Amino acid sequence: MSSSAPIGVFDSGLGGISVAREIRSAMPNEHILYFGDSANAPYGIKTPDEVKKLSFSIVENFVKNGVKAVVIACNTATSAAVKDLREYYNIPIIGMEPALKLACDLGCGKSQRVIVAATPLTLRERKFADLLNRFACEHTIFSQPCPDLVRIVEDGKLNDCDFVNCALHKYFDSYDLHSIDSVVLGCTHFIFYRDYFRDFLPSNVKIVDGNAGTIHHLQEILSSLDALAPKSEEGSVTISNSDTSKRISELAQSLFFAK
Ligand code: DGL
């Protein structure tokens, strides 16, 4: 496999663009093929088998396009499919999981109170139960499904402050937020809400996500295989989507270039 081959990055829709743009900025020599499956989003309320089937079909297409690695820029698809994808395909497949370890480590040994915001499927799956088991004896962890936050991004309503704040109140008003140490954004769509969360949460509550860790992991894996693109290479990003409407393509572009 040539080190100049592209990296396939996919999500159920537009959330993974938050990952693609961070790969682009950290690894400017790489060619990125981004695929969003907005026609089938959201994945978070589907069954694991449905998500697995959709994920296999996306990775199959990436492989046909000669990718050297795949990043599943979706916690939900990772929960449902990463194990089987790794068994089936002979290329590195990097998944994502809610950055609970990072949140707990921020306490430097002190017990933490952490809310993990993610999709219903991510929070229901075995992978998350295993993660929870590793940290729940020392820390207090609350699992909060937030499916509407996915829909708002896909519907292009992210700039509608009242609408977004209404959703945040719906999901977080039952917590004593002053007693919380951090909130984990355990879905790539939620990264786009960082500023909303910052305004909504008390200032002592930290906001944690797994994007940087995922990209670091991708770099390490490619480097260990001597598969990083040459420094002389001018990288590129190609964004495509199963929803081929102008609305989705414009939304994808604006999210990619959003601050
Ligand atoms: N962006 C996805 C994640 O990280 C899933 C959103 C969805 O389709 O429900 O989990």
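Each ligand, and each atom within it, is numbered from 1 in the order the structure gives. Residue numbers count from 1 along this sequence. Just so it is clear, the structure is predicted and the values come from calculations on it, not from any experiment.
Taking a 4.0 Å cut-off on heavy atoms, G15 fails to register as neighbouring ligand 1.
At least one N or O atom of G44, backbone or side chain, sits closer than 3.5 Å to an N or O atom of ligand 1.
Contacts with ligand 1 closer than 4.0 Å are made by heavy atoms of both the backbone and the side chain of P42. Contacts between T76 and ligand 1 below 4.0 angstrom, taking non-hydrogen atoms only, involve backbone and side chain alike. Contacts between T188 and ligand 1, counted as non-hydrogen atom pairs separated by less than 4.0 Å, involve both the backbone and the side chain. Of the heavy atoms in V150, only side-chain atoms (C-beta onward) come closer than 4.0 Å to ligand 1.
A distance-only check finds a donor-acceptor pair linking the side chain of E30 to the backbone of A229 [under 3.5 Å]. Y171 places no side-chain N or O within 3.5 Å of a backbone atom of Q144 that could act as its donor or acceptor partner.
Taking the six-membered ring for Trp and the full ring otherwise, F172 and F197 have centroids separated by under 6.0 Å. Aromatic ring centroids of F56 and Y88 lie under 6.0 Å apart.
For atom 2 (C) of ligand 1, the choice among S38, G13, G16, C74 with the nearest heavy atom turns out to be C74.
Shortest contact from atom 6 (C) of ligand 1 to any protein heavy atom: S12 OG, 3.4 Å.
With K68 as the fixed residue, the side-chain contact (heavy atoms from CB on, under 4.5 Å) test singles out one of I91, L228, L222: L222. Exactly one residue among K127, R134, R126 makes a side chain to side chain donor-acceptor pair (under 3.5 Å) with D130. That residue is R126.
Within 6.0 Å of atom CZ in F163, 12 or fewer heavy atoms from other residues, nucleotides or ligands are found, so the atom counts as exposed in its surroundings. Within a 6.0 Å radius of CD in E220, more than 12 heavy atoms belonging to other residues, nucleotides or ligands are found.
Interface of Y43 with ligand 1, defined as ligand atoms under 4.0 Å from a residue heavy atom, comprises 7 (C), 8 (O), 9 (O). Atom numbering of ligand 1 starts at 1 in the shown order; those under 4.0 Å from a heavy atom of T119 are 5 (C), 6 (C), 9 (O), 10 (O). Numbered from 1 in the order shown, with element, the atoms of ligand 1 that lie under 4.0 Å from a heavy atom of D11 read 1 (N), 2 (C).
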